Colleague: 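Before anything else, here's the structure in question.
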Amino acid sequence: METHEILEQVKTGEITVEEAERYFRRKPFVDMGYAKLDTHREIRSGFPEVVFCSGKADEHLLHIFEVLFEENKEVFGTRASEAQYELVRERIPEITYDPVSRILKAEKEGKERKGKIAVCTAGTADIAVAEEAAQAAEFFGSSVERIYDVGVSGLHRLLARLETLQSANCVVAVAGMEGALASVIGGLVDKPVIAVPTSVGYGANFKGLSALLTMINSCANGIATVNIDNGYGAGYMAAQINRLGVR
């Protein structure tokens with residue numbers, strides 16, 4: 001149950017102040033031995049803890065998902081495999097898996113999504129990282145518009161969506177190769193641009209390093225760059241910015 005729901009129940013008399021106090025006095029994390037789940041993270045930051053699935057032992061991953069789902073009635077994991085999905089689905093039938101973004105999640109029905117974030121890619125090979133960003137932002141309550149395959153080699157494709165870009169509270173620009181997309185968008189909008197370099201490219205791309213260097217050396221204003229292939233980090237930051245825009 002979320003903090004605002006507890007406070008609302010106190011106002012309506014459904015629970016007493018003492019019961020609410022007991023809720024907030026709970027240990028702020030669940031100590032599982034191999035993991036300490038931060039159950040109060042949403043109270044502090046506004047966003048619940050997310051699971052990085054890759055590399056986790058099956059038993060650990062399964063138990064972590066069970067605890068977080070029981071706590072929040074939803075759970076979000078990144079970099080999951082098909083095998084991990086099959087494992088978790090046996091215990092949590094509500095779980096879904098997207099093989100493109102590799103996101104493993106169970107989400108509350110009817111969640112309201114506000115504001116607008118534009119998530120753009122230079123090419124279709126960047127979509128996996130872009131979807132990680134888009135779905136993370138959506139999970140955290142943001143409305144997302146996807147604009148894919150609008151790289152600088154065909155600039156007219158991007159300009160055709162200029163109205164959408166300029167009306168967003170934040171833009172996420174996902175690109176590999178030379179990573180120029182973020183700079184172009186930065187010169188077209190008056191909102192923050194989050195640049196995401198991807199490992200897409202040939203040898204001299206150095207698995208995303210060339211795009212990363214282009215983005216952090218951009219001459220356009222208002223651009224912040226996350227790590228290579230870090231779609232989740234971009235989606236999280238975009239959701240924070242969008243919340244400020246909505247407020």
Side-chain angles (χ1 to χ4, degrees), residues 1-9 38-53 65 68-80 85 92-121 126-150 158 161-174 185 189-196 222 224 226 230-247:
M1 188 174 295
E2 297 183 9
T3 304
H4 69 86
E5 292 174 327
I6 292 290
L7 297 177
E8 188 61 34
Q9 288 182 8
D38 188 355
T39 53
H40 276 201
R41 184 172 299 182
E42 187 169 10
I43 294 173
R44 298 192 315 274
S45 69
F47 298 97
E49 183 169 13
V50 165
V51 184
F52 182 78
C53 301
F65 263 76
L68 290 177
F69 182 73
E70 177 64 27
E71 182 76 21
N72 301 314
K73 303 308 176 188
E74 61 179 6
V75 61
F76 190 91
T78 65
R79 303 302 168 95
Y85 163 57
I92 307 175
E94 298 89 341
I95 208 76
T96 63
Y97 180 65
D98 174 27
V100 175
S101 63
R102 297 167 61 193
I103 286 172
L104 187 62
K105 67 180 178 181
E107 195 166 10
K108 295 175 184 175
E109 291 186 11
K111 181 182 290 185
E112 185 180 9
R113 294 190 171 98
K114 299 180 180 180
K116 184 194 286 188
I117 296 169
V119 176
C120 309
T121 72
D126 302 307
I127 288 177
V129 175
E131 275 300 312
E132 186 177 84
Q135 293 187 42
E138 288 174 334
F139 185 82
F140 294 133
S142 294
S143 178
V144 175
E145 184 125 9
R146 292 156 171 81
I147 305 174
Y148 290 167
D149 197 24
V150 289
L158 179 68
R161 302 299 302 277
L162 191 56
E163 184 176 347
T164 298
L165 288 172
Q166 293 179 335
S167 64
N169 290 323
C170 178
V171 180
V172 177
V174 185
I185 292 175
V189 302
D190 63 352
K191 306 291 173 35
V193 176
I194 302 171
V196 189
V226 299
N230 187 12
Y232 168 74
Y236 186 102
M237 184 177 293
Q240 288 182 308
I241 293 170
N242 184 58
R243 280 190 178 185
L244 293 174
V246 169
R247 289 173 186 167

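By convention here, the first residue in the shown sequence is residue 1. None of these values were measured; they are calculated from a predicted model.
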Colleague: Who passes ring pair (Phe, Tyr, Trp, His ring centres under 6.0 Å) against Y148, sequence neighbours left out?
Modeller: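 Y148: no ring pair (Phe, Tyr, Trp, His ring centres under 6.0 Å) contacts found.
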Colleague: Could you tell me whether the side chain of Y236 reaches within less than 4.5 Å of the side chain of V50, counting heavy atoms only?
Modeller: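 V50 does not reach Y236 side chain to side chain.
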Colleague: For the atom pair CD1 (I194) and CD1 (I185), what is the distance rounded to the nearest 0.5 Å?
Modeller: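 Spacing of CD1 (I194) from CD1 (I185) equals 11.5 Å.
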Colleague: For R161, check side-chain contact (heavy atoms from CB on, under 4.5 Å) against everything at least two apart and list the hits.
Modeller: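 In terms of side-chain contact (heavy atoms from CB on, under 4.5 Å), with neighbours along the sequence ignored, R161 is linked to E145, I147, T164.
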Colleague: Hey, is the main chain of D149 close enough, under 3.5 Å, to the side chain of T121 for a donor-acceptor pair?
Modeller: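 Looks like yes, one N/O pair under 3.5 Å.
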Colleague: Could you tell me which non-hydrogen atom of S142 sits nearest to which non-hydrogen atom of N242, and how far apart they are?
Modeller: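 Looking at all heavy atoms of both residues, the closest pair is OG-ND2, 3.0 Å.
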Colleague: Any side-chain heavy-atom pair from Y85 and P99 closer than 4.5 angstrom?
Modeller: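 No, every pair of side-chain atoms sits at 4.5 Å or beyond.
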Colleague: Which atom pair, heavy atoms only, marks the closest approach of S101 to E131?
Modeller: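 That closest heavy-atom pairing would be CB-CB, 3.7 Å.
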Colleague: Look up atom NZ in K73 and atom CG in L68, then write down how far apart they are to the nearest 0.5 Å.
Modeller: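 Separation between the atoms: 12.0 Å.
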Colleague: When rounded to the nearest 0.5 angstrom, what distance separates CG in N169 from OG in S143?
Modeller: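 So the CG of N169 and the OG of S143 are separated by 10.0 Å.
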Colleague: Which heavy atom of G233 sits nearest a heavy atom of V226, and at what distance?
Modeller: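 Nearest pair, atom of G233 first, then V226: C-CG1, 4.4 Å.
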Colleague: Starting at CD of E74, measure out to CD1 of I95 and round the result to the nearest 0.5 Å.
Modeller: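 Rounded to the nearest 0.5 Å, the CD-CD1 separation comes to 10.5 Å.
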Colleague: Which pair of non-hydrogen atoms, one from A137 and one from G235, has the smallest distance, and what is that distance?
Modeller: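 In terms of heavy atoms, the two residues are closest at CB-O, 3.8 Å.
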Colleague: Strictly distance-based, threshold 3.5 Å: is any side-chain N or O of K191 a donor or acceptor partner for the main-chain N or O of V171?
Modeller: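 Such a contact is absent between K191 side chain and V171 backbone.
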Colleague: Work out which heavy atom in F139 is nearest to a heavy atom in A106; give both atom names and the distance.
Modeller: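 Shortest heavy-atom contact: CE1-O, 3.9 Å.
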Colleague: Can you name the nearest heavy-atom pair linking A80 to Y97, along with the distance?
Modeller: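 Result for this residue pair: O-OH, 2.8 Å.
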Colleague: Is the NZ atom of K114 crowded by more than 12 outside heavy atoms at less than 6.0 Å?
Modeller: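 Check fails, neighbour count at 12 or below.
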Colleague: Which of these, K105, R102, R79, sits in a salt bridge (Lys or Arg N to Asp or Glu O under 4.0 Å) with E132?
Modeller: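 Exactly one option meets the salt bridge (Lys or Arg N to Asp or Glu O under 4.0 Å) with E132, and it is R79.
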Colleague: Please report the interatomic distance CD1(I117) to CD1(I241), rounded to the nearest 0.5 Å.
Modeller: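 Reported value, rounded in 0.5 Å steps: 8.0 Å.
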Colleague: Could you tell me the separation between the CG atom of D190 and the CD atom of Q166, rounded to the nearest 0.5 Å?
Modeller: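 So the CG of D190 and the CD of Q166 are separated by 7.5 Å.
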Colleague: Working note: V51 + L104, criterion side-chain contact (heavy atoms from CB on, under 4.5 Å); need CA distance, chi angles, decisive distance, verdict.
Modeller: CA-CA 9 Å; V51 184; L104 187 62; over 6 Å; no
Colleague: Does E94, at its CD atom, have more than 12 non-hydrogen atoms belonging to other residues, nucleotides or ligands within less than 6.0 Å?
Modeller: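 For E94, atom CD is crowded (more than 12 foreign heavy atoms under 6.0 Å).
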Colleague: May I ask you to decide if the ring planes of F140 and F76 are parallel, tilted or perpendicular, using 30° and 60° as cut-offs?
Modeller: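 Plane angle between 30° and 60°, so tilted.
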